[in-house]
Visitor: 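Take this structure, written in structure tokens, and hold onto it; I'll ask about it next.
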Amino acid sequence: VLASRPQFLIVDPTSRCNARCVMCHVSFRPPSEHGTDLPLAVFEKIAPILFAAKHINLFATGEPTIAKDILFFLDEARKRSHETAQIWICTNGKSLPNAVLDRLQDPRMGLQFSVDGGTPEVFEAIRRGITFDQLCRSLELANARRGANGYPAFSFSSTISKRNVHDIAHIFALAARYRVILIDRPGHGWG
């Protein structure tokens, strides 16, 4: 029995991923372990508390855009949450399906990109399995789809280390190029 309701909710659509980033636990999995998608029955158990959350993240340990039921999760989060709740999805940018972008055409939706390098050399050395060109194509596609209305909001999430600290200016330049949020927002990384 909950004494109070969560205001910030993380729902993990999948632990599967299409990359093996150097800092991520996924890169340390045995080759036979591929991760799993969140069962709909588990989602239905937490769905009644969605209305209380002011912020919902539909990502945690995997790449949500490859989750089998990501469209359902996006639709249900929007339908079951409060009308002022912010709903965010994070992607590594390897591929961004049009159907996902369709669901993000809403002022309450946000799209966070994991970007740890602003140049191909730095990005690809960290985000193994994703090319810088794939990331830029996803950014261009998402940016074109949101047009002048400004949603979904964009943000970048970056893990800064000795591998990429020298590339921060290029990350900021990439953010500016694609109209990424340039303020610090808790829960969204930096923009």
Side-chain angles (χ1 to χ4, degrees), residues 11-21 24 26 35 37-38 55-79 85-159 164 167-183 185 187-191:
V11 179
D12 196 5
T14 188
S15 61
R16 295 184 300 119
C17 196
N18 53 7
R20 294 294 178 263
C21 305
C24 184
V26 171
D37 286 341
L38 178 68
H55 183 102
I56 300 167
N57 276 5
L58 291 174
F59 61 93
T61 64
E63 172 56 34
T65 64
I66 65 170
K68 177 179 58 135
D69 295 310
I70 189 59
L71 301 179
F72 173 80
F73 295 141
L74 286 165
D75 289 343
E76 290 299 300
R78 190 172 46 241
K79 185 170 39 174
Q86 294 296 300
I87 303 163
W88 281 77
I89 186 172
C90 184
T91 182
N92 59 29
K94 184 169 185 168
S95 176
L96 196 50
N98 282 324
V100 169
L101 285 171
D102 290 343
R103 299 311 199 280
L104 300 177
Q105 301 300 304
D106 184 303
R108 299 182 333 151
M109 304 301 279
L111 180 59
Q112 180 174 316
F113 288 87
S114 297
V115 180
D116 303 301
T119 58
E121 300 76 26
V122 175
F123 179 85
E124 292 173 11
I126 295 171
R127 294 277 165 183
R128 297 179 303 199
I130 308 167
T131 67
F132 190 72
D133 285 343
Q134 288 171 320
L135 169 70
C136 289
R137 273 195 301 274
S138 290
L139 283 162
E140 287 167 10
L141 179 62
N143 202 33
R145 290 289 294 276
R146 77 176 170 168
N149 62 27
Y151 51 82
F154 286 176
S155 72
F156 278 5
S157 173
S158 300
T159 301
N164 63 354
D167 205 42
I168 289 176
H170 291 117
I171 295 171
F172 275 97
L174 193 65
R177 179 174 161 194
Y178 292 105
R179 299 186 300 154
V180 173
I181 297 167
L182 294 175
I183 57 173
R185 295 178 59 186
H188 300 289
W190 63 269

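If you read the sequence from its start, that first residue is 1, and numbering goes on from there.
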Visitor: Can you tell me how far OG1 of T131 sits from CZ of F123, rounded to the nearest 0.5 angstrom?
Guide: 7.5 Å

Visitor: Find the distance between CZ (F172) and OG (S158) and round it off to the nearest 0.5 Å.
Guide: 8.0 Å

Visitor: Closest heavy-atom contact between W88 and S155?
Guide: CZ3-OG, 3.3 Å

Visitor: Working note: I87 + D106, criterion side-chain contact (heavy atoms from CB on, under 4.5 Å); need CA distance, chi angles, decisive distance, verdict.
Guide: CA-CA 10 Å; I87 303 163; D106 184 303; over 6 Å; no

Visitor: How many angstroms lie between atom CZ of R179 and atom CG of L139, to the nearest 0.5 angstrom?
Guide: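 Spacing of CZ (R179) from CG (L139) equals 11.5 Å.
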
Visitor: What are the two closest heavy atoms between F132 and E124, and how far apart are they?
Guide: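 That closest heavy-atom pairing would be N-OE2, 2.8 Å.
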
Visitor: Are any side-chain N or O atoms of R103 and backbone N or O atoms of I70, one a donor and one an acceptor, separated by less than 3.5 Å?
Guide: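 A pair under 3.5 Å: no.
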
Visitor: Report the C-alpha separation of E140 and R137 in whole Å, then their side-chain angles, then the decisive distance to 0.1 Å, and conclude whether the salt bridge (Lys or Arg N to Asp or Glu O under 4.0 Å) test is met.
Guide: CA-CA 5 Å; E140 287 167 10; R137 273 195 301 274; over 6 Å; no

Visitor: Sort and list the pairs that fulfil ring pair (Phe, Tyr, Trp, His ring centres under 6.0 Å) and have at least one residue in residues 98-117, not counting sequence neighbours.
Guide: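 Ring pair (Phe, Tyr, Trp, His ring centres under 6.0 Å) check on residues 98-117 returns F113-F154.
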
Visitor: Show every donor-acceptor pair shorter than 3.5 Å between a side-chain atom in residues 92-100 and any protein atom, with sequence neighbours excluded, or say none if there are none.
Guide:
unit_1 : atom_1 : unit_2 : atom_2 : d
N92    : OD1    : K94    : N      : 2.9
N92    : ND2    : N18    : OD1    : 2.7
N92    : ND2    : E63    : OE1    : 3.3
K94    : NZ     : N18    : O      : 3.2
K94    : NZ     : G129   : O      : 2.9
N98    : OD1    : R145   : NH1    : 3.1

Visitor: For the side chain of R146 and the backbone of P152, is there at least one donor-acceptor N/O pair under 3.5 Å apart?
Guide: yes

Visitor: Is there a donor-acceptor contact under 3.5 Å from the side chain of R127 to the main chain of A19?
Guide: no

Visitor: Would a 4.5 Å heavy-atom cut-off, applied to side chains only, mark H170 and V122 as touching?
Guide: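 Sidechains of V122 and H170: no contact.
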
Visitor: Check whether any side-chain N or O of S157 sits under 3.5 Å from a backbone N or O of S114 as a donor-acceptor pair, and report yes or no.
Guide: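 Checked: no pair found.
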
Visitor: Can you check whether T119's main-chain N or O pairs, donor with acceptor, with D167's side chain at less than 3.5 Å?
Guide: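 Looks like yes, one N/O pair under 3.5 Å.
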
Visitor: Run the side-chain contact (heavy atoms from CB on, under 4.5 Å) check on L111 and T91 step by step: do they pass?
Guide: CA-CA 8 Å; L111 180 59; T91 182; 4.0 Å; yes

Visitor: Counting C-beta onward and ignoring hydrogens, is there a side-chain heavy-atom pair between Y151 and M109 closer than 4.5 Å?
Guide: no

Visitor: With rounding to the nearest 0.5 Å, note down the distance linking CD1 in I89 to CG in L74.
Guide: 5.0 Å

Visitor: For the side chain of R128 and the backbone of R20, is there at least one donor-acceptor N/O pair under 3.5 Å apart?
Guide: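 Yes, because the side chain of R128 sits within donor-acceptor range (under 3.5 Å) of the backbone of R20.
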
Visitor: Can you name the closest pair of heavy atoms from G118 and I171 and give their distance?
Guide: N-CG1, 3.4 Å

Visitor: Taking the side chain from N164 and the backbone from D116, do they hold a donor-acceptor pair closer than 3.5 Å?
Guide: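 Yes; judged by distance alone, with no hydrogens or angles, the pair exists.
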
Visitor: Minimum heavy-atom separation for V26 to C17, with atom names?
Guide: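 Smallest interatomic distance, heavy atoms only, reads CG1-CB, 4.1 Å.
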
Visitor: Compare all side-chain heavy atoms of V115 with those of L135 and state whether any distance is below 4.5 angstrom.
Guide: yes

Visitor: If you look at every heavy atom in L58 and P64, which pair is closest and at what distance?
Guide: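 Closest pair (atom of L58, atom of P64, distance): O-CB, 3.4 Å.
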
Visitor: Measure the shortest side-chain to side-chain distance between F73 and T14 over non-hydrogen atoms and say whether it is less than 4.5 angstrom.
Guide: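 The answer is no, as the side chains (C-beta and beyond) never meet within the 4.5 Å cut-off.
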
Visitor: Quick one: list whatever passes ring-ring contact (aromatic ring centres under 6.0 Å, His included) with F72, sequence neighbours left out.
Guide: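 F72 satisfies ring-ring contact (aromatic ring centres under 6.0 Å, His included) with F43 once adjacent residues are dropped.
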
